Undergrad: 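Here's a structure for you.
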Number of protein chains: 2
Amino acid sequence: MATGKQAVSMKAIAEQAGVSVMTVSRVLTGKGSASAKTTALIKGIAKDLKYRPNRLVRGIQTGRTGMVGVILPADLGYYKNLLVGAHDYFAAKDCGVITSLVQGNMGEEAITDELGKLHRLVDLRADGVILRPVNEEASSAYFEELIERAIPMVVVDRRLSDYKCDFVGTDDYLGGQMAAEHMLRREPKRVLVCSASEVLRTSFERVRGFRDGLKESGVEVVEHAFGRFYSSESDMKKVLKEQGRLDGIFCVGDLLAIRCLRILEQMRVSVPGDVGVIGFGNLGLPGDYGARLTTFEQNPHEVGRQAAKLLYSRIGQKGKSPVKQQLIVPTLVDMGTC
Amino acid sequence: MATGKQAVSMKAIAEQAGVSVMTVSRVLTGKGSASAKTTALIKGIAKDLKYRPNRLVRGIQTGRTGMVGVILPADLGYYKNLLVGAHDYFAAKDCGVITSLVQGNMGEEAITDELGKLHRLVDLRADGVILRPVNEEASSAYFEELIERAIPMVVVDRRLSDYKCDFVGTDDYLGGQMAAEHMLRREPKRVLVCSASEVLRTSFERVRGFRDGLKESGVEVVEHAFGRFYSSESDMKKVLKEQGRLDGIFCVGDLLAIRCLRILEQMRVSVPGDVGVIGFGNLGLPGDYGARLTTFEQNPHEVGRQAAKLLYSRIGQKGKSPVKQQLIVPTLVDMGTC
DNA sequence: TTGTAAGCGTTATCAT
DNA sequence: ATGATAACGCTTACAA
């Protein structure tokens, strides 16, 4: 310690009260017993001295620091409410949340950054970690420091492909099914699915759910896979023109759906009169058309809350238990485009 | 420690290397000297054992935990980027950020919550705190635990009325002046100021800046004070009708400005043809008209960065130094309504 | 260059 | 109900 007067410690209280440090500890933590008299005395002195327990020391001693780490992309966007959801839960558990923001979405640099944040959390002896992974291909070697110390981790929003661990995210399959159900009310004959790519799990699951939801309806389903959750105007125009008559369109992302709406407007096709359009709330920040798009709102707040809850349950849980997958149901927001 | 194998400590490395703990400490922290041979040996073993320093202990020992607290309102909104800005700075300084979100904007409950979060940060021995206060009237007694321990605090966005301390926020006065300057290009004869209330510092400062900016222009300035940063449609309509001929309107908040635009449209007054309208980016989330409103964007990211920078400079600064006020210049966003 | 001893503020453990 | 002592993992201060 550099300079200045020492911060008040249990020792100081003990001296003033004429008891041992242990008695102070017992009174102040509420664990163990003490006479009513000493209890009152000690509590009084603690208040007078503005005593505050040193959680660092307590953490060293008990193995629980009461801090958890949350690692998210630096451009918070969609994850803002996830963070808030996690906070909501942890606040109730008197857990401090160390937020770490990772620059970039992929690439070596982002991975290095992510790993650095993980290390910092280990160094601070966080009780657990919530991670939205940048490095989706990370193997268990990547997480060795966490594993070594049995620090529980819950992954959110994006699944890790190589490393099995607890996960909380949107139920994309169910969302797809719900989209199908909603679409069926139009009694369509032929519908188009605008997907991203089979290798993108969210897209794949949404499509799978949608197809399964239509399975016994006899509706004809055609699909066009744009490589990403986005399409240029010309690509979309080409696709829609080629497809000919359609009664409905399900896009696995809002950006695709908004593009659809624009093109359909150009083509003088009425929505939802001629064609119904459903998007999926990939970004949650729709543009001009977005506000009126029938889509699925993901519930990042709930994802955050559930991730926190799951993580908390893992903390202090002795051995290993089977991996859990908590899937949060998206909400259909009917804005009349389908 | 409850169960399981002990985490690897310097002691473990020391034993394996056949040296003392101090040598390990010196090598791993880079402070002090050691022979090239032992250095290599120790570093090798540390890596093999996946050693990670215990920052808690280091914090206890050195008085610097490398953690700072950031306390913001629970509905992050505008503060999202402030948080990101603070992170950007602290990440570079290898500082962990403990985020605390306070429920509610005023009232006893929120204050209790805020104080609780402050206490938790003290308990975790944060090196410093950035606070967007809920409790603006808080006196120094409110912050006694921080003061007692000489934990530096920087207040952002809202000033504390009773307690002098470092502050970083938007330069409202300058914003007002800039609005005036912009307005003058229209060569107006008569302008209306839609203010909130004199007791709201941000409103007051914006108006003061605006008036000062027009001082020598000879422009006639009339002012209507709505109690808040908001007006009902009927109130605004009444005011605009009563005022008669106007060349420009400066609203201290975007919500007021958007209301203005709507009423003017109803009144068939062209903007910016007949009247120029300037708002102030109170919320940053403009509605339909907002996207086209000439207004001031506050720079929460920069506020966060500067607050972090200021706080960091205070950390480890020995005695007390004069209070600093860092004012961030808002950006004029000309969307053509003035 | 390296080591020893003491201490940081608390809890765990075993007494009394 | 209370206390003494060790331990947690590291750094500071002082030797050698």
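A, B, ... follow the sequence lines: proteins, then strands. Residue 1 opens every chain. Just so we're clear, the structure is a prediction, and the values are computed from it rather than from any experiment.
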Undergrad: Applying a 4.0 Å non-hydrogen cut-off, can you work out what B:Ser35 is touching in the nucleic acid: base, sugar-phosphate, or nothing?
TA: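 Counting heavy atoms under 4.0 Å across all strands, the contact made by B:Ser35 is with sugar-phosphate only.
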Undergrad: Are OP1 or OP2 of C:dT11 and a side-chain N or O of A:Ser25 less than 4.0 angstrom apart?
TA: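 For C:dT11, OP1/OP2 do have a side-chain N/O of A:Ser25 under 4.0 Å.
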Undergrad: May I ask you to verify if any side-chain N or O of B:Thr38 is less than 4.0 angstrom from the OP1 or OP2 atom of C:dT2?
TA: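 Indeed, a polar side-chain atom of B:Thr38 lies that close.
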Undergrad: So does B:Ser20 get a side-chain nitrogen or oxygen closer than 4.0 Å to the phosphate oxygens (OP1/OP2) of C:dG3?
TA: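 Answer yes for this pair, as a side-chain N or O of B:Ser20 is under 4.0 Å from OP1 or OP2.
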Undergrad: Does the D:dG3 base have a donor-acceptor partner in the side chain of A:Arg26 within less than 3.5 Å?
TA: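 Under the 3.5 Å cut-off, the side chain and the base do form a donor-acceptor pair.
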Undergrad: Nearest whole angstrom, please: distance from the P of D:dG9 to the CG of A:Asn54.
TA: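 To the nearest whole Å, that distance equals 16 Å.
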Undergrad: Tell me which nucleotide among C:dT2, C:dA12, D:dG3 gets nearest to the side chain of A:Thr62.
TA: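 Looking only at heavy atoms from C-beta outward on A:Thr62, the closest nucleotide is C:dA12.
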Undergrad: Would you indicate which nucleotide in D:dT11, C:dT10, D:dG3 comes nearest to any side-chain atom of A:Val19?
TA: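 Closest nucleotide to the A:Val19 side chain: D:dG3.
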Undergrad: So which one's nearest nucleotide on DNA chain D is more toward 5', B:Lys31 or A:Thr39?
TA: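 Nearest nucleotide further toward 5': that of A:Thr39.
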Undergrad: What is the distance from CZ of A:Arg52 to P of C:dG9, rounded to the nearest Å?
TA: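 About 16 Å, once rounded to whole Å.
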Undergrad: Strictly below 4.0 Å, N to O, side chains only: are B:Arg158 and B:Glu136 in salt-bridge contact?
TA: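 Between B:Glu136 and B:Arg158 there is a salt bridge, with a charged N closer than 4.0 Å to a carboxylate O.
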Undergrad: I need the CZ-P distance between A:Arg64 and C:dT11, as an integer number of Å.
TA: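 Atom CZ in A:Arg64 sits about 14 Å away from atom P in C:dT11.
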Undergrad: Enter the distance from A:Glu137:CD to A:Asn135:CG here, rounded to the nearest 0.5 Å.
TA: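 It comes to 7.0 Å.
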Undergrad: Check the distance between C:dT10's P and B:Gln61's CD and give it to me in whole angstrom.
TA: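 It works out to 14 Å between those atoms.
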Undergrad: Please tell me which of B:Val57 and B:Ala34 maps to the more 5' nucleotide of DNA chain C, matching each residue to the nucleotide holding its nearest heavy atom.
TA: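 Looking at DNA chain C, the more 5' nearest nucleotide goes with B:Ala34.
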Undergrad: Does this structure show an ion pair linking A:Arg55 with A:Asp94, if we count only N-O contacts that are shorter than 4.0 Å?
TA: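 Here A:Arg55 pairs with A:Asp94 in a salt bridge, since their nearest N and O are under 4.0 Å apart.
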Undergrad: In whole Å, I'd like the distance from the CG atom of A:Asp123 to the P atom of D:dG9.
TA: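 Rounded to whole Å, this separation is 15 Å.
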Undergrad: Could you state the atom-to-atom distance from OH of A:Tyr51 to C1' of C:dT10 in whole Å?
TA: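 Those two atoms, OH and C1', are 7 Å apart.
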Undergrad: When you measure from the side-chain N and O atoms of B:Arg58 to the phosphate of D:dC10, is any distance below 4.0 Å, counting only OP1 and OP2?
TA: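 B:Arg58 to D:dC10 OP1/OP2: no side-chain N or O under 4.0 Å.
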Undergrad: Identify whether NZ of Lys or CZ of Arg in A:Arg305 sits under 6.0 Å from the centre of the six-membered ring of A:Tyr89 and within 45° of that ring's axis.
TA: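 No, cation not above the ring by the 6.0 Å, 45° rule.
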Undergrad: Any donor-acceptor pair under 3.5 Å linking the side chain of B:Asp127 with the backbone of B:Val68?
TA: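 No; judged by distance alone, with no hydrogens or angles, the pair does not exist.
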Undergrad: Could you tell me the separation between the CD atom of A:Glu15 and the C1' atom of C:dG9, rounded to a whole number of Å?
TA: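 Distance, rounded to whole Å: 13 Å.
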Undergrad: Categorize B:Met22 for me: base, sugar-phosphate, or nothing, with a 4.0 angstrom heavy-atom threshold over every strand shown.
TA: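 Base, at least one base heavy atom under 4.0 Å.
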